[in-house]
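What's counted below: heavy atoms across the whole structure, side chains too, no hydrogens, waters or symmetry copies. Not measured: the values here are computed from a predicted model. One is the number of the first residue; the rest follow in order along the sequence.
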Amino acid sequence: MTFRLLGALALTTAGFALAPQAQAQAKPAPGSEPVSSHLDTLLIDWQADFGPSWHVATNPLTGTAELLFGGTASAGFEPNINNEAEWFQLARHWVGQTKAMHGVETTDLVDERFVFLPLAQVNTTDKVTVALDQYVDGIRVEDGRVNVLFSYAGEMLSLHSTAAPSFESRSTKPTIDGKLASRYAVGAFVMEQEMDPTTVSSPKLAFVHVDDQEARRWTLAWQIDVQLTGNDVTPVGHLYSIDAHTGQVLKTSETVHFYDVNGTVSTLATPGTSADRAANPPVQMPMSNVRVTGSGGAGTVISDENGNFNFPGINTPIDITVEYRGDFVNANNDQGADYITTFNNVQPNSNASLLMNSAPTEFVTAQANAYVGTNNLREWIQSRIPGDATMDFTGPANCNLDSSCNAYFDGVSTNYYNAAGSCNNTAFSVIVSHEIGHWLNVLYGTGNGNDGMGEGNADVFALYQYDEPVNGHFFFTNGGFVRTGNNTRQFCGDANPGCYGQVHTDGE
């Protein structure tokens with residue numbers, strides 16, 4: 001079987017000549033020599049031919065090389081990137097050249113997969129990986145695979161083997177038949193579960209690996225998947241490996257896995273430091289710290305800073321409900337019902353992508369902006385002062401109040417006006433940070449008196465967070481802003497309020 005990333009690739013049977021200098025002169029292992037010493041000797045010989053940067057990682061259960069890596073080796077031939085057969089032949093060449101290290105016979109390997117890796121897109125170089133799977137006279141070897149990694153030009157970069165270097169016996173003829181092995185497997189299942197299974201797979205022969213006393217051996221076995229499923233039971237399944245000669249249960253592995261329902265929740269919200277308008281439409285942003293509620297007793301979980309959520313141990317589809325409510329803000333809609341949406345039939349282990357406000361309207365986008373803006377300010381503060389818990393409370397953000405051209409903090413909530421008159425909706429990034437800034441003035445002790453300090457400091461939260469001297473681009477529909485940090489005004493002092501006319505200009 002082949003897997004193509006390049007479209008339809010031409011398969012040919014044409015061979016190619018390998019350069020004589022590529023033939024590694026690996027020495028056979030003397031029978032009395034320790035395994036580690038034997039591999040060291042082989043590695044030294046390999047390094048003499050292909051450079052000193054090569055290394056070998058040993059499989060401690062087999063004593064053979066599991067990974068040869070760290071250098072480059074050329075066969076003196078550059079295969080055609082569109083010819084899989086040449087790449088498979090090149091991989092077999094290197095498996096043969098390194099057999100003394102890993103012990104795998106090339107005659108046991110079948111072509112499995114050719115993959116082109118376009119890594120130049122991520123500032124490295126394109127590569128090719130070739131996988132060869134291990135079979136003995138048509139019988140699969142469990143986890144038996146050799147992967148060879150090449151440069152785009154055909155230089156070998158690494159060789160990784162999980163294949164069997166040896167077998168107790170290469171005979172593929174079982175002593176007991178599959179039907180008897182299935183009865184042994186069902187009997188073992190009933191003893192463990194005290195219930196009869198609902199399904200039993202057809203038995204298949206394989207050379208399975210068994211670990212005994214810190215060593216691994218491969219033996220012929222029947223593999224049977226036995227499961228119990230149904231609406232009134234918790235599903236359970238085991239793959240039994242039954243010795244094909246003795247009927248012994250060699251090992252079992254789980255075949256029913258309880259997946260999680262997980263994914264990412266995001267929203268369309270207004271980007272940058274400008275108001276929501278046609279020329280600055282909403283874009284997708286992560287919903288951090290939001291409450292995500294699942295149906296059927298799944299409960300409620302909280303997303304992380306990137307909007308990722310996870311319902312552990314749920315392996316059936318659930319409905320998921322989200323709103324603009326989380327650990328640190330609860331955005332409300334003064335013009336009607338708060339935004340809430342349900343995503344139906346979210347599948348387990350699918351990494352679902354849930355998008356709120358997918359068809360943006362002013363009133364929903366305002367709630368999104370208030371939610372995202374509040375969380376962004378909290379995360380910015382904690383990025384400057386790790387562990388600062390000053391904003392660790394759930395503050396109401398009341399959006400779309402039926403008035404125009406203002407926003408305010410009243411001691412227990414922040415409040416934003418809908419679009420009306422000469423102004424856009426005031427629930428957007430820097431305005432949200434300014435109003436939360438007033439709340440933080442109270443919590444940090446700066447205060448919001450009539451001397452302008454409170455207004456100026458609330459602006460500082462917004463302007464420094466967004467690294468933007470202008471507060472409120474397009475607060476007004478004609479493009480006007482609210483205030484700017486680019487000014488030469490000096491603070492008048494606590495004892496001289498109103499020196500520039502009123503509290504906002506004093507703050508500026």
Side-chain angles (χ1 to χ4, degrees), residues 261-295 300-311 318-346 350-380 391 394-401 407 413-419 424-433 435-436 462 465-466 474:
V261 172
N262 55 34
T264 302
V265 59
S266 58
T267 185
L268 293 184
T270 305
T273 58
S274 181
D276 179 46
R277 65 192 198 285
N280 188 37
V283 300
Q284 188 167 332
M285 300 183 187
M287 285 288 291
S288 61
N289 308 303
V290 72
R291 293 167 57 92
V292 184
T293 301
S295 63
T300 297
V301 297
I302 303 297
S303 67
D304 67 12
E305 63 181 7
N306 297 310
N308 300 313
F309 65 88
N310 185 64
F311 291 91
I318 61 174
D319 297 337
I320 290 179
T321 300
V322 286
E323 53 187 311
Y324 293 114
R325 180 185 179 193
D327 280 351
F328 309 114
V329 58
N330 180 16
N332 305 304
N333 177 26
D334 199 59
Q335 296 285 350
D338 296 348
Y339 176 87
I340 184 170
T341 186
T342 298
F343 302 90
N344 296 316
N345 202 35
V346 180
S350 63
N351 196 26
S353 181
L354 311 183
L355 179 62
M356 303 172 69
N357 191 28
S358 58
T361 63
E362 176 197 342
F363 293 162
V364 177
T365 300
Q367 295 170 74
N369 290 347
Y371 186 92
V372 171
T374 302
N375 276 278
N376 284 350
L377 178 57
R378 175 184 174 273
E379 290 166 8
W380 178 79
M391 275 192 69
T394 305
N398 302 317
C399 304
N400 308 311
L401 276 66
S413 66
T414 58
N415 302 269
Y416 310 95
Y417 289 178
N418 57 205
N424 288 305
N425 194 300
T426 63
F428 65 97
S429 59
V430 290
I431 304 301
V432 171
S433 291
E435 298 307 334
I436 295 293
Q465 176 191 354
Y466 290 99
F474 275 89

Do T365 and N357 meet the criterion of a side-chain donor-acceptor pair at a distance under 3.5 Å? yes

For P286 and V372, which heavy atoms make the closest approach, and how far apart are they? O-CG2, 4.5 Å

Do the side chain of N415 and the main chain of A407 share a donor and acceptor less than 3.5 angstrom apart? no

Of all the heavy-atom pairs spanning F474 and A275, show the shortest one and how long it is. O-CB, 3.2 Å

If we only count heavy atoms from C-beta on, is the Y324 to T267 side-chain gap below 4.5 Å? yes

Donor on one side chain, acceptor on other, N330 and T394, under 3.5 Å: no

Looking at N351, is its backbone amide N or carbonyl O close enough to the side chain of N262 to form a donor-acceptor pair, meaning the two atoms are under 3.5 Å apart? yes

Without swapping roles, check the side chain of T414 against the backbone of I436 for a donor-acceptor pair under 3.5 Å. no

Can you tell me if Q367 uses its side chain to pair, donor with acceptor, with the backbone of F363 under 3.5 Å? yes

If you apply the rule side chain to side chain contact (heavy atoms under 4.5 Å, CB included), what do you find for F343 with V322, and how did you get there? CA-CA 8 Å; F343 302 90; V322 286; 3.6 Å; yes

Any chance the side chains of T342 and T321 put a donor and an acceptor closer than 3.5 Å? yes

Residue pair V432 / T374, side-chain heavy-atom distance below 4.5 Å: yes

Measure across A278 and P281 and return the closest heavy-atom pair with its distance rounded to 0.1 Å. O-CD, 3.6 Å

Provide the closest heavy-atom pair for G373 versus S433 in the form atom of the first, atom of the second, distance. O-OG, 4.4 Å

Is there a side-chain contact between M391 and L377, using heavy atoms and a 4.5 Å cut-off? yes

Between CG of N345 and CD1 of I320, what distance do you get to the nearest 0.5 Å? 10.5 Å

Can N424 and D276 be counted as having a side-chain donor-acceptor contact under 3.5 angstrom? no

From N425, N280, N369, residue fulfilling side-chain hydrogen bond (donor to acceptor under 3.5 Å, both in side chains) relative to T270: N369

Does some side-chain heavy atom of L354 sit less than 4.5 Å from a side-chain heavy atom of M356? no

Checking N400 against D334 for the side-chain hydrogen bond (donor to acceptor under 3.5 Å, both in side chains) test, could you report, in this order, the C-alpha distance in whole Å, the side-chain angles of both residues, the deciding distance, and whether it holds? CA-CA 5 Å; N400 308 311; D334 199 59; over 6 Å; no

With a 4.5 Å heavy-atom cut-off, do V329 and N375 have their side chains touching? yes

Begin with the C-alpha distance, continue with both residues' side-chain angles, and end with the deciding distance and a verdict on side chain to side chain contact (heavy atoms under 4.5 Å, CB included) for V290 and Y371. CA-CA 9 Å; V290 72; Y371 186 92; 3.3 Å; yes

Say you draw a straight line from CZ of F309 to CE of M287; how long is it, rounded to the nearest 0.5 Å? 12.0 Å

Where is the tightest heavy-atom contact between S274 and S429, given as atom of each residue plus distance? N-OG, 4.4 Å

Does E362 use its side chain to pair, donor to acceptor, with the backbone of A419 at less than 3.5 Å? yes

Rounded distance [0.5 Å steps], OG1 in T293 versus CZ in R325: 8.5 Å

Rounded to the nearest 0.5 Å, the CG atom of N306 sits from the OG atom of S266 at a distance of 11.5 Å

Can you name the closest pair of heavy atoms from A368 and L268 and give their distance? CB-O, 3.6 Å

Atom CG of N398 and atom CG of N332: how far apart are they, to the nearest 0.5 Å? 5.0 Å

For Y417, is there any backbone N or O sitting under 3.5 Å from a side-chain donor or acceptor partner on T426? yes

F311 side, atom CZ; I318 side, atom CD1 - distance, nearest 0.5 Å: 4.5 Å

Ignoring hydrogens and angles, state whether a donor on the side chain of N333 or D338 is under 3.5 Å from an acceptor on the partner side chain. no

